[in-house]
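Notes to accompany the following structure.
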Amino acid sequence: MNKLTIKDIDVKNKKVLIRVDFNVPQDKDFKITDDVRIKAALPTIKYCLDKGASKVILMSHLGRPKGKVVDEYRLTPVALKLAVLLGEPVKKLDDCIGELVKKDIEEASERVVLLENLRFYKEEEKNDAEFAKKLASLGELFINDAFGTAHRAHASTEGVTNYLKSAAGFLLTKEIEYLGGALNNPKKPFVLILGGAKVSDKILLIENMLNKADEIIIGGGMCYTFLKAQGKAIGNSKLEPERLDLAKSLLDKAKEKNIKILLPVDNVVSDKIDGTGKVDAVGENIADGLIGVDIGPKTVDKFCEALRNAATIAWNGPLGIFEVDAFSNGSRKVASFLGNLSAIKIIGGGDTAAMIAKFGLEDKMTHISTGGGASLEYMEGKVLPGIAALSDK
Ligand code: AMP
């Protein structure tokens with residue numbers, strides 16, 4: 001990896017400014033309902049404290065306050081939770097830039113300070129240079145550990161790097177290592193599993209992976225556009241008619257490149273997608289009025305067989321409507337099979353990560369990406385501004 005990481009910099013006696021992702025869900029009483037993102041930032045924070053940083057100054061966004069101070073998006077509940085998880089007090093400030101903020105940081109007896117929500121300023125998302133300079137002036141070194149926003153050039157992800165030596169934190173380093181490294185130059189054979197709702201969301205991903213993968217497995221809602229393109233009957237399954245030509249041309253391209261595309265050979269169908277209808281198993285073709293909601297058992301076997309000897313496996317998108325238990329078997333069985341393989345197993349963010357968590361298989365995967373949009377863009381082969389801007393080694 002050619003970017004500086006937290007291990008390459010000396011934080012001793014330094015004020016370290018860290019961009020974290022504390023964009024956590026809260027209920028109506030501001031109780032944090034999922035603290036995974038706060039926990040995920042602890043290794044980087046603790047490392048800086050252990051290595052003698054004079055101050056750890058944390059900054060994050062929360063929700064979409066759209067450039068205005070909105071009380072419900074204050075980071076105060078996050079600071080309280082962080083203090084508990086960290087086991088030491090955290091000073092929460094009511095602003096993120098300015099002389100008062102600087103003074104408060106200087107005078108704080110706490111080692112850890114959390115700035116107020118960055119997105120209370122519209123300048124944050126506009127990557128305003130002055131705002132970035134003001135943020136940078138609070139620290140002496142910058143660490144980015146917020147992968148979820150690394151695909152956006154914001155003041156706190158890209159702008160600040162113009163003023164401070166900048167390194168990747170532990171979370172970001174792992175994303176760069178796996179999504180950037182292992183997928184860019186995968187150990188072969190490399191098998192990609194694709195699913196999820198729509199073909200249109202994954203076009204760039206498929207195109208990029210046609211240059212890297214040996215086999216591509218396609219399930220989920222998006223497979224029906226491909227099946228239809230092959231002349232199969234898909235009943236009332238999810239179809240993007242305007243993508244039929246594209247699906248055909250992707251299938252042709254794969255053939256030219258000698259890349260195997262595996263599609264379902266049987267399906268679980270229902271007349272309703274919410275699990276309240278009648279559920280049935282059918283073969284390759286789906287009758288009118290019925291919807292493909294999951295891959296069938298023969299397809300599970302076929303997909304698992306293709307995965308058995310892979311050295312690298314990447315997965316983006318569930319193979320069925322996994323949120324409904326009756327439609328989750330296909331995804332669950334393939335995920336369990338994957339769990340027992342010794343390949344490098346990389347799970348794309350968002351829904352796919354939620355699916356692996358639902359199946360309780362997190363520990364069986366090599367890497368589960370923390371970012372939804374960022375993860376997809378990285379797998380598409382795009383340069384993420386928050387990573388590109390970090391200092392070179
Ligand atoms: P994505 O965010 O693109 O990975 O899409 C994930 C969503 O795709 C999940 O909410 C699944 O319920 C949905 N999905 C998976 N299989 C199907 C299917 N056969 N029909 C409709 N939606 C599906």
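Counting from 1, the numbers follow the sequence of the chain as shown. Because only heavy atoms are used, hydrogens play no part in the values below, and waters and symmetry mates are left out as well, while side chains stay in. Just follow the structure's listing: the first ligand is 1, and inside any ligand the first atom is 1.
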If we number the atoms of ligand 1 from 1 as shown, the ones under 4.0 Å from a heavy atom of Gly292 are 18 (C), 19 (N), 20 (N)

Original post:
Under a 4.0 Å N-O cut-off, is there an ion pair linking Lys102 with Asp104?
Top reply: no

Nearest heavy-atom contact between Ser60 and Leu75 is O-CD1, 3.8 Å

inquiry  = Please tell me whether His61 and Arg152 have a donor and an acceptor in their side chains that are separated by less than 3.5 angstrom.
reply    = no

The atoms of ligand 1 lying under 4.0 Å from a heavy atom of Lys202, numbered in the order shown, are 1 (P), 3 (O), 4 (O)

Pair Phe322 and Phe327, ring centroids less than 6.0 Å apart: no

message: Against ligand 1, does Phe327 come closer than 4.0 Å with any heavy atom?
response: no

Restricting to heavy atoms, the pick from Asp294, Thr352, Asp351, Asn267 nearest atom 6 (C) of ligand 1 would be Asp351

Could you check whether Glu177 and His367, counting side-chain N and O atoms only, form a donor-acceptor pair closer than 3.5 Å? no

the protein heavy atom lying closest to atom 17 (C) of ligand 1 turns out to be Gly221 N, 3.1 Å

Under 4.0 Å from one or more heavy atoms of Gly196, ligand 1 contributes atoms 1 (P), 3 (O), 4 (O), 5 (O), 6 (C), 8 (O)

Ligand 1 atoms nearer than 4.0 angstrom to some heavy atom of Tyr224 are 19 (N)

Between Asp21 and Gly148 the two heavy atoms that sit nearest each other are OD2-CA, 4.2 Å

Per-atom filter on ligand 1: closer than 4.0 angstrom to a heavy atom of Gly317 are 4 (O)

shortest atom 23 (C) of ligand 1-to-protein heavy-atom contact is with Ile321 CG1, 3.5 Å

Item to complete: Using non-hydrogen atoms of the residue, decide whether Met222 is closer than 4.0 angstrom to ligand 1.
Response: no

Could you check whether Arg111 pairs with Glu88 (Lys NZ or Arg NE/NH1/NH2 to Asp/Glu carboxylate O, under 4.0 Å)? yes

If you scan protein heavy atoms around atom 8 (O) of ligand 1, the nearest is Ala197 N, 3.1 Å

- Query: Short N/O distance, under 3.5 Å, between Leu319 and ligand 1?
  - Reply: no

Quick one: do Val24 and Leu42 end up in the same hydrophobic cluster if we chain Ile, Leu, Val, Met, Phe, Trp and Tyr together by side-chain heavy atoms under 4.5 Å apart? yes

Are Asn13 and Ser54 linked by a side-chain donor-acceptor pair shorter than 3.5 Å? no

protein heavy-atom neighbour closest to atom 9 (C) of ligand 1 works out as Glu323 OE2, 3.3 Å

Atom 15 (C) of ligand 1 sits nearest the protein heavy atom Gly320 O, 3.1 Å

